[in-house]
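Input: a single structure, listed below in structure tokens.
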Amino acid sequence: MDQAREPWQWPEETWRGMVGRARAGRSLRPTHWPDGARCAVALSFDADHETIPLRDNDPSPMRISQGQWGNRQGIPRIRRLLERHGVPATFFYPAVSALLHEAEVKAVVADGHEIGIHSWIHELNTTLPPADERDLTLRAADVLARIAGRPPVGMRTASWDFSPHTLDIIREMGLLYDSSLMADDDAYEITDNGTPTGIVELPPEWIRDDAVYFGMLRHSTLRPHTPPSAVEEIFTAEFDGAWDEGGLFLLTMHPHIIGHRSRLPLLDRLIQHAKAKGACWFATHEQVARWCKENAG
């Protein structure tokens, strides 16, 4: 990076090179979905639990307890809801979260859900030296493979913080997919400075993430908790748009956020709405990535 100059002073090759990293290549939107479905629904849960205060070197038992709540209450409620609807999902775990709650990970796997990589301790990749990012990601993959009983095939960077070096690590690991980049509504192939990588991107979006609506600043006088009804309206509109276009609806949630009594019912109603609309294929991220890769138009 040309750090000695202001961005408006950069030569063309500087900004072209920056834009070319991990860029959206060909669309992997499939010609059809399985069994004549019109829309694919990929639900995901980032099981951060205690890792965010740990990452921030915050020893407060209060803030750590909020993460433990995700294990004690959030995950069991989510598992029951998914079992009741017969819907598979993908759970992305920081390795430290998985090590703290190995029995939880094994139970999620036994339910038939997918386990994906989500950092070591919810670190931000863009703050790390490349060697440290690589080491932490590979160690995280090893931990999840041991606990879950099979190697993970996909990852989501913590806070979607995808560094200029993350793609190199994904390629070295031979992963099937990533779910951190936001260049499309539907699946696409990631390119590296114009070179196709074969890696499937399943794009998330902040609009389809529970944390942005239900978060708050603890020491601020303004604590803007969005009503669950408003979040349900947004998520439903996003699903309806994907259904109308015959595309992918990917939703990101967090057990310690969506799992509360006032919030989880919105996910229940959203699943009911999708089922009532019909022609929806509920699948894990791995299943969607493989289907898109094999059936792209």
Side-chain angles (χ1 to χ4, degrees), residues 33-35 37 39-49 51 67 69-119 122 140-158 175-180 187 200 202 204 208-211 235 239 248-260 263-264 266-268 270-272 274-275 280-292:
W33 294 112
D35 301 321
C39 176
V41 178
L43 304 179
S44 58
F45 300 89
D46 295 356
D48 300 333
H49 296 343
T51 59
W69 185 95
N71 161 256
R72 291 173 63 89
Q73 291 292 336
I75 285 285
R77 285 179 182 155
I78 290 166
R79 289 179 56 209
R80 289 193 297 268
L81 174 64
L82 296 175
E83 181 180 19
R84 187 167 73 250
H85 284 291
V87 168
T90 297
F91 289 73
F92 291 99
Y93 276 87
V96 169
S97 179
L99 288 167
L100 286 168
H101 306 289
E102 292 196 23
E104 173 188 303
V105 177
K106 293 179 184 296
V108 168
V109 171
D111 288 347
H113 304 301
E114 177 193 4
I115 303 298
I117 304 166
H118 194 52
S119 79
H122 215 277
D142 288 344
V143 165
L144 294 183
R146 176 181 65 79
I147 297 175
R150 63 170 297 218
V153 300
M155 69 177 283
R156 171 175 291 157
T157 55
L175 296 181
L176 168 67
Y177 75 88
D178 173 72
S179 185
S180 313
V200 180
L202 299 179
R208 300 187 306 275
D209 183 304
D210 60 353
F235 287 173
F239 163 77
L248 170 65
F249 174 69
L250 187 153
L251 187 62
T252 302
M253 295 163 285
H254 302 76
H256 68 286
I257 294 175
I258 196 69
H260 286 279
R263 296 171 181 170
L264 197 60
L266 80 85
L267 178 58
D268 188 6
L270 180 61
I271 294 173
Q272 292 181 52
K275 287 186 170 183
C280 290
W281 177 46
F282 289 87
T284 66
H285 284 41
E286 177 182 358
Q287 291 170 325
V288 172
R290 292 195 187 282
W291 183 269
C292 289

TODO: Nearest 0.5 Å please: distance from the CE atom of M253 over to the CG atom of L43.
DONE: 4.5 Å

- [ ] For residues A187 and C292, report the shortest heavy-atom separation together with the two atoms involved.
- [x] CB-SG, 3.8 Å

- [ ] Indicate yes or no: at least one non-hydrogen side-chain atom of I257 is less than 4.5 angstrom from one of H260.
- [x] no

Task: Minimum heavy-atom distance between P204 and T252, given as atom pair plus value - done: CB-OG1, 4.1 Å

Open item on the list: What I'd like to find out is whether the side chain of D210 reaches to under 4.5 Å of the side chain of L251, using heavy atoms alone.
Closed with: no

TODO: Measure up the F45 and F91 rings against each other and bin them: parallel (under 30°), tilted (30 to 60°), perpendicular (over 60°).
DONE: parallel

Open item on the list: In the structure I gave you, are the side-chain heavy atoms of V200 and R290 within less than 4.5 Å of one another anywhere?
Closed with: no

Open item on the list: Treating E114 as the side-chain partner and T284 as the backbone partner, does any N or O pair qualify as donor plus acceptor under 3.5 Å?
Closed with: no

- [ ] Starting at CG of L264, measure out to CZ of R77 and round the result to the nearest 0.5 Å.
- [x] 7.5 Å

- [ ] Locate the shortest heavy-atom distance separating F235 from L266; write the atom from each residue and the value.
- [x] CD1-CD1, 3.9 Å

Open item on the list: Over 60° means perpendicular and under 30° means parallel, so tell me whether Y177 and H285 are parallel, tilted or perpendicular.
Closed with: tilted

TODO: State whether R156 and D46 are salt-bridged, where the test is any N-O pair (Lys NZ or Arg NE/NH1/NH2 against Asp/Glu carboxylate O) under 4.0 Å.
DONE: yes

Open item on the list: Are the side chains of L250 and V288 in contact, using a 4.5 Å heavy-atom criterion?
Closed with: no

Task: Salt-bridge contact R79-E104 (side-chain N to carboxylate O under 4.0 Å) - done: no

Task: Chi angles and distances behind the side-chain contact (heavy atoms from CB on, under 4.5 Å) call for H101, I75 - done: CA-CA 11 Å; H101 306 289; I75 285 285; over 6 Å; no

Open item on the list: Taking the side chain as everything from C-beta on, heavy atoms only, tell me whether L82 gets closer than 4.5 Å to D111.
Closed with: no

Task: Point-to-point distance, once rounded to the nearest 0.5 Å, from OH of Y93 to CG of L99 - done: 12.0 Å

Task: Backbone of A89 reached by a side-chain donor or acceptor of H113 within 3.5 Å - done: yes

Open item on the list: Once rounded to the nearest 0.5 Å, what's the spacing between atom OG1 of T90 and atom CG of L202?
Closed with: 8.5 Å

Open item on the list: Could you report the tightest heavy-atom contact between I147 and A98, atom names first, then the distance?
Closed with: CD1-O, 3.6 Å

Task: Residue that, paired with F249, satisfies ring-ring contact (aromatic ring centres under 6.0 Å, His included) out of W281, F239, F282 - done: F239

- [ ] Measure from the side-chain N and O atoms of T51 to the backbone N and O of P94, and report whether any donor-acceptor pair falls under 3.5 Å.
- [x] no

Open item on the list: Take a 6.0 Å sphere around CD of E102 and say whether it holds more than 12 heavy atoms from other residues, nucleotides or ligands.
Closed with: yes

Task: Shortest non-hydrogen contact from E286 toward R150 - done: OE1-NH1, 3.0 Å

- [ ] Nearest 0.5 Å please: distance from the NE2 atom of H49 over to the CG atom of N71.
- [x] 5.0 Å

Open item on the list: Measuring from atom CG of L81 to atom CD1 of I78, what distance do you get when rounded to the nearest 0.5 angstrom?
Closed with: 8.0 Å

TODO: Work out which heavy atom in P151 is nearest to a heavy atom in A145; give both atom names and the distance.
DONE: CA-CB, 3.8 Å

Open item on the list: If you apply the rule side-chain contact (heavy atoms from CB on, under 4.5 Å), what do you find for V41 with V87, and how did you get there?
Closed with: CA-CA 10 Å; V41 178; V87 168; over 6 Å; no

